[in-house]
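Please read the structure below before turning to the comments.
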Amino acid sequence: MPGPDPKTSPHLSEADLAALPASERIRYRLIGADCRYHANDNIAAHVREGELDELKAEVQAKMQGVLQSLVIDTDSDHNTQDTAQRVAKMFVEEVFRGRYVAAPKLTEFPNVARLNELMIVGPITVRSACSHHLCPIMGRVWIGVLPNEHSSLIGLSKYTRVCEWVMSRPQIQEEAVVMLADTLQAAVKPDGLAIVMEADHFCMHWRGVKDSATAMTSSVMRGAFLNNPTLRREFLSLLPRKTAG
Ligand SMILES: [Zn+2]
């Protein structure tokens with residue numbers, strides 16, 4: 001493991017940690033708090049102000065090393081001169097941003113009208129990356145919610161924000177839909193929750209089998225959608241395209 005381990009050196013203060021690279025400092029806090037930091041985990045609670053800029057600088061320096069190892073002359077090739085910097089910014093601030101920023105604030109409304117009808121949100125555009133190759137995953141998500149009188153309702157745009165937050169991390173599609181379901185279940189507390197994600201995996205197009213017709217569909221059914229086949233069929237029949245049920 002790079003950097004100090006809180007199990008073997010448990011008494012480093014923030015002042016001691018300040019001397020370390022930001023990634024080692026953050027990792028020390030994560031291990032100390034017994035927090036998992038897999039590719040699709042959010043670690044925002046352990047990142048202090050200004051540290052994302054430090055992380056970007058670290059990634060940039062290491063990405064420059066990758067280009068060097070790929071024997072690309074970034075000095076005279078004007079196209080790649082700033083590539084390390086661009087990629088670092090893209091990873092930390094854009095495509096993997098969902099690891100580093102806190103969950104979007106959800107304004108919840110009590111279900112005063114006691115809505116208990118099936119509600120479908122989607123398609124929501126998904127932009128993610130596979131954690132095996134860091135290749136793009138581009139797709140769409142549909143969310144079905146069956147609220148009860150105790151559910152909190154969140155605005156339509158919030159579903160998009162939560163989806164974006166969960167998906168902008170290196171992912172495995174099957175885990176991504178479960179993580180999205182867990183986040184929405186906790187926020188909305190519906191009687192039933194259904195999620196269908198259909199996506200193109202660019203690691204299939206770009207490398208490997210190069211089969212451009214490969215799309216993958218995953219679904220998660222919870223509560224009423226699991227117990228009530230009629231409700232599940234109704235949800236699936238309202239999706240615009242054929243999806244696996
Ligand atoms: Zn892949």
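In this chain, numbering begins with 1 at the start of the sequence shown. In each ligand, atom 1 is the first atom listed, and ligand 1 is the first ligand listed.
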Original post:
Linking I/L/V/M/F/W/Y whenever their side-chain heavy atoms sit closer than 4.5 Å, directly or via other members, would V66 and M90 fall into one cluster?
Top reply: yes
Subject >> K189 side chain reached by H150 side chain, heavy atoms, under 4.5 Å >> reply: no
Original post:
the Zn ion (ligand 1) is nearest to which N, O or S atom of H133?
Top reply: ND1
Subject >> Heavy-atom donor-acceptor pair, E51 side chain to I26 backbone, under 3.5 Å >> reply: no
Subject >> Side-chain heavy atoms of R99 within contact of P170, under 4.5 Å >> reply: yes
Original post:
Does C135 bring an N, O or S atom to under 2.8 Å of the Zn ion (ligand 1)?
Top reply: no
Original post:
Can you tell me if H132 has an N, O or S atom under 2.8 Å away from the Zn ion (ligand 1)?
Top reply: no
